[in-house]
Amino acid sequence: MHDIKAIRDNPEGFDTGLARRGLAPLSTELLKIDAERRDHMQKLQDAQARRNAASKDIGEAMKAGDKGLAERLKAEMGSIKEFISSGEAVERDINQRLEAALAGIPNIPLDDVPDGKDESGNVEVRRWGKPPGFNYEARQHFDIGEWLGLMDFETAAKISGARFVVMKGQLARLERALAQFMLDLQTGTNGYTEHYVPYLVNDAAVYGTGQLPKFAEDLFKTTDGRWLIPTAEVSLTNLVRERIIDEKDLPLRMTAYTPCFRAEAGAAGRDTRGMIRQHQFSKVEMVSITTPENSRGELERMTGCAESVLQALGLHYRVLRLCTGDMGFGSRMTYDLEVWLPGQNAFREISSCSVCGDFQARRMDARYKPADGKGTRYVHTLNGSGLAVGRTMVAILENYQNADGSVTIPEALRPYMGGVELITRA
RNA sequence: GGAAGGGUGGCCGAGUGGUUUAAGGCACACGCCUGGAACGCGUGCAUACGUGAAAGCGUAUCGAGGGUUCGAAUCCCUCCUCUUCCGCCA
């Protein structure tokens with residue numbers, strides 16, 4: 001949610017920011033509603049001030065026992081009363097129009113975000129590790145999983161539909177092991193506090209993080225009107241909704257392991273085979289709540305926390321700074337982590353870390369009390385996956401596959417796998 | 001699902017139609033006191049919007065939204081939510 005005052009102060013800057021996102025200028029239209037709103041408010045508030053003064057006089061007249069004066073003053077209130085009640089309705093209407101207009105506008109990119117139309121404009125900032133280098137043609141994860149007899153898309157389709165999977169045995173355990181491993185790393189070394197959060201949330205929560213009102217079709221909705229979370233970001237970020245936090249308690253660093261549900265509308269035909277793009281997947285999410293001064297640095301830190309998982313697992317990856325055309329709705333800057341998938345012979349997104357500035361905080365009314373004790377300011381929010389469990393599993397299967405079709409378990413995971421070193425066909 | 005009782009500032013908590021302009025306390029900030037602290041004393045301390053160069057002024061906000069009234073934290077309606085009890089239940 002954008003601050004209409006900031007737009008009023010610098011409409012050109014706002015439109016320039018929109019242009020970087022490939023959007024037409026909107027400031028003129030917004031400021032027209034804003035002017036109408038302020039003009040109306042002035043008239044309404046004048047009327048309310050007169051009413052309040054008269055009410056006070058009536059109260060004093062009653063107290064003094066002057067019924068005649070009180071009745072005369074009451075009679076004079078008639079027309080003002082009418083104006084006020086219709087005026088309040090008009091004010092609500094204007095405010096709703098302004099809010100609706102603002103709610104659909106994406107966040108403005110930071111200055112050091114590269115311009116670009118789509119993912120081809122993203123900039124690689126670093127690479128870690130090396131591809132495994134097989135002396136045979138690397139198989140894709142679904143071939144490996146199905147050959148092992150532990151990954152079953154057909155049965156999943158029978159009971160649920162496309163884009164679901166059933167796993168069993170050591171693969172089911174690998175999913176659990178990865179989640180435990182990631183959580184331990186983020187809560188231990190990286191200092192995030194583990195949370196257990198709701199998977200069903202209300203309209204306000206999904207609005208707060210920016211999925212509503214524009215992206216309802218990407219979500220699953222329950223018959224009682226709630227939403228299945230598309231990421232734990234929704235639940236975790238909304239934990240600070242309508243709160244005022246002491247600056248000394250910042251930053252808040254929170255993590256949660258949850259299932260995520262995405263309708264994948266508009267993704268028809270993309271990644272239809274395998275586990276890359278599912279309606280249901282699990283993810284260890286990280287959310288940070290910071291002061292404005294610290295949010296940019298926190299983005300670097302958070303990205304490093306996500307990277308630490310891939311490094312511990314020995315997976316080759318690269319870090320991209322997303323360009324203006326590829327960033328999510330609420331983001332001011334995003335780093336994507338792309339892991340190397342030998343089976344696909346390509347880097348694929350496995351994590352995404354974003355700083356949202358006060359964009360979500362304004363929608364949620366999440367503020368902090370600065371250390372100097374004066375007033376309150378909006379917090380800054382950041383979110384990042386640390387990491388997507390299913391895609392990490394894909395990466396392990398493809399990077400740790402052996403010529404005979406078995407899969408070696410990376411050392412860091414073995415304690416979580418009960419000491420299992422190799423997954424083989426039953 | 002049924003019944004009853006609640007929701008007031010960062011926190012606790014008073015307030016049942018008109019100087020409430022939301023008491024009081026805690027926490028916090030600043031000052032005095034002190035060798036330095038604690039204690040004590042004093043001052044300050046919600047947010048949003050509008051207006052103004054600023055000080056200030058105005059309006060709204062006591063879970064949310066409607067309503068009654070000249071005037072609502074207070075009365076009425078709807079909803080949300082919490083607590084307790086009953087029922088059901090992993």
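Residue numbering restarts at 1 for every chain, and letters A, B, ... go by the order of the sequence lines.
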- Would you mind pulling out the nucleotide paired to C88(B), Watson-Crick or G-U wobble, both distances under 3.5 Å? none
- Ring-face cation contact, Y207(A) with R363(A), 6.0 Å cut, 45° max: yes
- Check every strand shown and say whether R8(A) touches a base, only sugar-phosphate, or nothing at a heavy-atom separation below 4.0 Å. sugar-phosphate
- Task: Check every strand shown and say whether A54(A) touches a base, only sugar-phosphate, or nothing at a heavy-atom separation below 4.0 Å.
- Result: nothing
- Message: Could you tell me the Watson-Crick or G-U partner of U81(B), where both distances fall under 3.5 Å? Say none if there is no partner.
- Response: G6(B)
- Item | Salt bridge flag under 4.0 Å for residues K283(A) and E285(A) | yes
- Message: Assess whether a salt bridge exists between R367(A) and D365(A), defined as any Lys/Arg side-chain N lying under 4.0 Å from an Asp/Glu carboxylate O.
- Response: yes
- Query: How would you label the contact of L73(A) with the nucleic acid (heavy atoms, under 4.0 Å): base, sugar-phosphate, or nothing?
  - Reply: nothing
- Message: C49(B), OP1 or OP2 - any side-chain N/O from K5(A) closer than 4.0 Å?
- Response: yes
- Message: Considering every strand and a 4.0 Å limit on heavy-atom distances, what is the contact class for N52(A): base, sugar-phosphate, or nothing?
- Response: sugar-phosphate
- Message: Mind checking if R92(A) touches a base, just sugar-phosphate, or nothing, with heavy atoms under 4.0 Å?
- Response: sugar-phosphate
- Message: Strictly below 4.0 Å: does R72(A) bring a side-chain N or O up to OP1 or OP2 of C70(B)?
- Response: no
- Is there a Watson-Crick or G-U wobble partner for G52(B) with both distances under 3.5 Å, and if so, which one is it? none
- Partner nucleotide, any strand, of A60(B) [Watson-Crick/G-U, under 3.5 Å]: U47(B)
- Task: Can you tell me the pairing partner of G71(B) across any strand shown, Watson-Crick or G-U wobble, with both distances under 3.5 angstrom?
- Result: none
- Task: Rounded to whole angstrom, note down the P distance from G67(B) over to C62(B).
- Result: 15 Å
- Can you check whether any acceptor in the base of G50(B) is under 3.5 Å from a donor in the side chain of Q42(A), or vice versa? no
- Query: Is R243(A) touching bases, backbone alone, or none of the nucleic acid, heavy atoms closer than 4.0 Å?
  - Reply: nothing
- Would you find a donor on one side and an acceptor on the other, under 3.5 Å apart, between the side chain of H141(A) and the backbone of M275(A)? yes
- Query: So which one's nearest nucleotide on RNA chain B is more toward 5', E60(A) or D3(A)?
  - Reply: E60(A)
- Query: Partner of G31(B) by Watson-Crick or G-U wobble geometry, both contacts under 3.5 Å, or none?
  - Reply: C41(B)
- Of A75(A) and Q48(A), the one whose closest RNA chain B nucleotide lies more 5': Q48(A)
- Message: Would you say R362(A) places a side-chain N or O within less than 4.0 Å of OP1 or OP2 belonging to A48(B)?
- Response: no
- Message: Taking only side-chain N and O atoms of K81(A), does any of them lie within less than 4.0 angstrom of OP1 or OP2 on U69(B)?
- Response: yes
- Is any side-chain heavy atom of L313(A) closer than 4.5 Å to a side-chain heavy atom of Q311(A)? no
- Task: Would you indicate, yes or no, if U51(B) has its OP1 or OP2 atom less than 4.0 angstrom from a side-chain nitrogen or oxygen of R38(A)?
- Result: yes
- Whole-Å P distance, A23(B) and C45(B): 12 Å
